[in-house]
Enquirer: 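Starting off with a structure, shown below.
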There are 2 protein chains.
Amino acid sequence: MKEGPDIARIAALIGDPARANMLGALMSGKALTASELAAEAGITLQTASSHLAKLEGGGLVHPRKQGRHKYFSLTGSDVAAVLEGLMGLAAGAGHLRTRTGPKDAALRRARLCYNHLAGDMGTRLFDSLIARGHLRRDGGDLVLTEAGAVFAHDFGIDPDGLRTGRAALCRECLDWSERRSHLAGSLGRAFMCRFEELGWARADRTNRVVTFAPHGARQFAALIGSADA
Amino acid sequence: MKEGPDIARIAALIGDPARANMLGALMSGKALTASELAAEAGITLQTASSHLAKLEGGGLVHPRKQGRHKYFSLTGSDVAAVLEGLMGLAAGAGHLRTRTGPKDAALRRARLCYNHLAGDMGTRLFDSLIARGHLRRDGGDLVLTEAGAVFAHDFGIDPDGLRTGRAALCRECLDWSERRSHLAGSLGRAFMCRFEELGWARADRTNRVVTFAPHGARQFAALIGSADA
DNA sequence: TCAATGCTTCGATTAACATCGAACCATGAA
DNA sequence: TTCATGGTTCGATGTTAATCGAAGCATTGA
């Protein structure tokens with residue numbers, strides 16, 4: 001009937017509460033087994049299996065058999081970006097699943113988005129990288145500058161080692177709570193990993209909340225050149 | 001059960017084929033009446049009425065009574081951006097509603113996205129504006145530089161007049177066919193309007209195709225400083 | 001080979017919702 | 001007022017699909 005891609009098909013895929021819960025759980029970036037996802041969505045294993053087959057058919061998740069377990073993960077950051085966008089619309093329409101509780105504030109401050117840092121601290125990191133000329137915008141793409149490569153290297157990240165994969169090095173992702181961009185891509189992932197390695201922050205993969213230790217928050221503020229801790 | 005916004009609710013809203021068709025029609029940026037949307041989706045008026053009430057409840061569309069007609073339009077560019085994102089996922093998964101026909105090629109070259117130019121020509125315009133320093137990226141936002149304001153003014157656009165509204169002046173929107181950004185916001189709208197005013201291009205609001213006249217394409221290429229017509 | 005675990009398939013049930021006919025309201029025109 | 005048109009509400013129907021119990025594979029470990 002109409003032109004263009006079949007948007008209803010995948011929107012309906014995301015539109016089922018059980019599947020949406022699974023996708024939300026996968027936004028942590030961690031690969032989860034079918035059983036774990038079933039528990040997450042509050043359904044039995046056989047229902048989950050059916051749902052996961054559909055999500056896989058729609059290209060939203062990617063299976064990975066390992067022994068007798070089957071791990072699922074989001075196919076890419078583009079899927080995560082759309083999910084974040086949907087969260088933004090839902091939040092804007094006031095359709096919050098739970099009234100804003102204590103966890104909600106923590107989520108807005110710092111959380112995992114797929115595999116990188118999101119929330120207030122995520123966008124501040126992104127802003128700092130742009131302002132200092134470590135990242136530059138080239139057309140629709142994001143590029144790491146020379147200065148940025150040095151900065152990353154000093155922080156213990158090897159940018160050249162990240163370039164090998166097929167995935168984009170830098171990518172921006174729209175943040176649903178802040179309504180601005182934060183850093184995604186393998187570099188975004190590397191930053192988050194480093195924060196954990198250094199003991200600055202700890203990510204709770206079950207609820208996506210990232211908690212910064214006091215000294216971690218101070219050093220993070222110093223890293224991005226911010227006055228406030 | 002889970003934290004965060006209720007993503008399933010609005011995804012399900014978009015997930016119905018009839019509603020998705022309506023939203024797709026509204027991507028042209030034009031406000032359409034309930035009857036027109038019903039015809040677009042191939043359903044009766046009473047069904048359409050029910051759907052539109054739901055879309056309105058979800059904050060995706062905005063009603064506007066005018067006489068005995070009721071015009072609907074997308075609530076904002078953020079909604080359009082999510083729809084484009086979904087199109088990108090659907091296209092990536094190979095779930096095209098129609099096999100790529102002649103209209104598809106035209107859509108990829110130039111089309112309306114909400115109210116601004118998208119497709120190959122849209123992204124080229126965006127790239128040019130960035131490369132020449134007319135637009136600059138500041139954190140997650142897009143700002144019009146001094147030089148950009150002069151450039152816009154010379155092209156017959158009054159940037160200051162656009163700033164008055166509550167809507168963002170510049171905003172980027174991810175293009176589903178090109179997988180990169182093009183210019184949205186009131187400035188994006190102004191550019192598209194100007195192209196039509198000058199007779200460079202004509203937008204078919206029923207199928208979103210934007211056709212450039214030969215001389216219009218030449219002048220467009222000159223505007224963005226491209227060699228090829 | 002046997003047992004246990006993780007996942008898939010099949011079948012039947014159930015609930016949600018899209019759809020439309022018909023009647024009902026509101027606006028604008030004669 | 002009377003008529004026509006655009007839109008909404010109501011009720012009944014039909015289809016879709018989510019759900020789970022039970023049985024079936026597959027992989028691992030003993």
Side-chain angles (χ1 to χ4, degrees), chain A residues 1-2 6-26 30-74 95 97, chain B residues 1-2 6-26 30-58 60-73 90 93 95 97:
Chain A
M1 178 92 70
K2 304 254 73 51
D6 188 359
I7 167 179
R9 202 155 174 176
I10 50 163
L13 231 43
I14 309 174
D16 179 78
R19 286 193 291 261
N21 282 336
M22 293 181 175
L23 291 172
L26 290 175
K30 195 177 164 93
L32 298 171
T33 69
S35 316
E36 289 170 324
L37 288 168
E40 194 71 32
I43 52 179
T44 64
L45 183 55
Q46 50 269 39
T47 339
S49 179
S50 141
H51 283 311
L52 288 168
K54 287 173 188 175
L55 287 176
E56 185 185 339
L60 296 182
V61 302
H62 180 72
R64 198 187 171 89
K65 293 195 84 164
Q66 219 165 94
R68 55 183 158 183
H69 294 270
K70 195 167 180 182
Y71 285 91
F72 290 89
S73 51
L74 295 185
H95 290 330
R97 204 150 17 172
Chain B
M1 178 91 71
K2 306 254 72 51
D6 187 359
I7 167 178
R9 202 155 174 177
I10 50 164
L13 231 42
I14 309 174
D16 178 78
R19 286 193 292 260
N21 282 335
M22 293 180 175
L23 292 172
L26 291 175
K30 196 178 164 86
L32 298 171
T33 68
S35 316
E36 289 170 325
L37 289 168
E40 194 71 31
I43 53 179
T44 63
L45 183 55
Q46 52 269 38
T47 334
S49 179
S50 143
H51 283 312
L52 287 167
K54 287 173 187 174
L55 288 175
E56 186 185 338
L60 297 181
V61 301
H62 181 72
R64 197 187 172 88
K65 294 196 82 166
Q66 218 164 94
R68 54 182 159 185
H69 294 271
K70 196 168 181 183
Y71 286 92
F72 290 89
S73 51
H95 291 330
R97 202 149 22 169

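As the structure is a prediction and not an experimental result, all values here were calculated from the model.
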Enquirer: Measure the distance from CG on D16(B) to C1' on dC17(C) and round it to the nearest whole Å.
Expert: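 Checked: the CG to C1' distance equals 9 Å.
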Enquirer: Is a donor from one side chain sitting under 3.5 angstrom from an acceptor on the other, for T44(B) and T47(B)?
Expert: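 T44(B) vs T47(B): donor-acceptor pair found between side chains.
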Enquirer: So, is T47(A) close to the dA18(D) phosphate, meaning a side-chain N or O under 4.0 Å from OP1 or OP2?
Expert: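 So the side-chain polar atoms of T47(A) never come under 4.0 Å of the phosphate oxygens OP1 or OP2 of dA18(D).
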Enquirer: Please report, rounded to the nearest Å, how far the P atom of dC25(C) is from the NZ atom of K65(B).
Expert: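 Between P of dC25(C) and NZ of K65(B): 15 Å.
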Enquirer: Compare the minimum distances between each of dT19(C), dT8(C), dG7(D) and the side chain of S49(A), then state the nucleotide with the smallest one.
Expert: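 Of dT19(C), dT8(C), dG7(D), dT8(C) is nearest to the side chain of S49(A).
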Enquirer: In whole Å, I'd like the distance from the CD atom of E36(B) to the P atom of dT5(D).
Expert: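 From E36(B) CD to dT5(D) P: 17 Å.
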Enquirer: Roughly, in whole Å, what's the span from CG in L37(B) to C1' in dG6(D)?
Expert: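 Atom CG in L37(B) sits about 13 Å away from atom C1' in dG6(D).
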Enquirer: Nearest whole Å is fine: how far is dT19(C) P from N21(B) CG?
Expert: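 Atom-to-atom, N21(B) to dT19(C), this comes out as 10 Å.
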Enquirer: So if I take every side-chain heavy atom of Q46(B) and compare against dG7(D), dA22(C), dA18(D), which nucleotide ends up nearest?
Expert: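 The listed nucleotide nearest to Q46(B)'s side chain is dA22(C).
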Enquirer: Please give me the minimum heavy-atom distance between A31(A) and Y71(A), naming the atom from each residue.
Expert: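 So the minimum-distance heavy-atom pair works out to O-CD2, 3.6 Å.
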Enquirer: How long is the span from the OG1 atom in T33(B) to the NZ atom in K65(B), to the nearest 0.5 Å?
Expert: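 With rounding to 0.5 Å, OG1 (T33(B)) is 13.0 Å from NZ (K65(B)).
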Enquirer: Quick check: on DNA chain C, is the nucleotide nearest R68(B) upstream (toward 5') of the one nearest A53(A), or the reverse? Name the residue that is more 5'.
Expert: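 Mapping each residue to its closest nucleotide by heavy atoms, the 5'-most match is A53(A).
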Enquirer: Under 4.0 angstrom, heavy atoms only, what part of the nucleic acid is A18(A) near: base, sugar-phosphate, or nothing?
Expert: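 It contacts sugar-phosphate atoms only.
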Enquirer: Take the protein atom CZ of R19(B) and the nucleotide atom C1' of dT19(C), then report the distance between them rounded to whole Å.
Expert: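 R19(B) atom CZ is separated from dT19(C) atom C1' by 12 Å.
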Enquirer: In whole Å, what is the span from the CD1 atom of I43(B) to the C1' atom of dG7(D)?
Expert: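 My rounded result for the distance is 14 Å.
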Enquirer: Below the 4.0 Å mark, does dT19(D) have OP1 or OP2 next to a side-chain nitrogen or oxygen of H51(A)?
Expert: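 Indeed, a polar side-chain atom of H51(A) lies that close.
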Enquirer: Let's see if you can work this out: which of dG7(D), dC17(C), dT27(C) has an atom nearest to the side-chain heavy atoms of K54(B)?
Expert: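 From the listed options, dC17(C) comes nearest.
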Enquirer: Please state whether the phosphate of dT19(D), meaning OP1 or OP2, lies under 4.0 angstrom from any side-chain nitrogen or oxygen of T44(A).
Expert: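 T44(A) to dT19(D) OP1/OP2: no side-chain N or O under 4.0 Å.
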Enquirer: Let me know the distance between NZ of K70(A) and C1' of dT9(C), rounded to the nearest Å.
Expert: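 From K70(A) NZ to dT9(C) C1': 13 Å.
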Enquirer: Between dT19(C), dT19(D), dA4(D), which nucleotide gets closest to the side-chain atoms of S50(B)?
Expert: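 Selected nucleotide (nearest to the side chain): dT19(C).
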Enquirer: To check you understand the geometry: which heavy-atom pair defines the closest contact between K54(B) and L13(B), and what is its length?
Expert: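 Smallest heavy-atom distance, with atoms named: O-CD2, 3.7 Å.
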Enquirer: Please report the shortest heavy-atom distance between G58(A) and I10(A), naming the atom on each side.
Expert: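 Looking at all heavy atoms of both residues, the closest pair is O-CG2, 4.1 Å.
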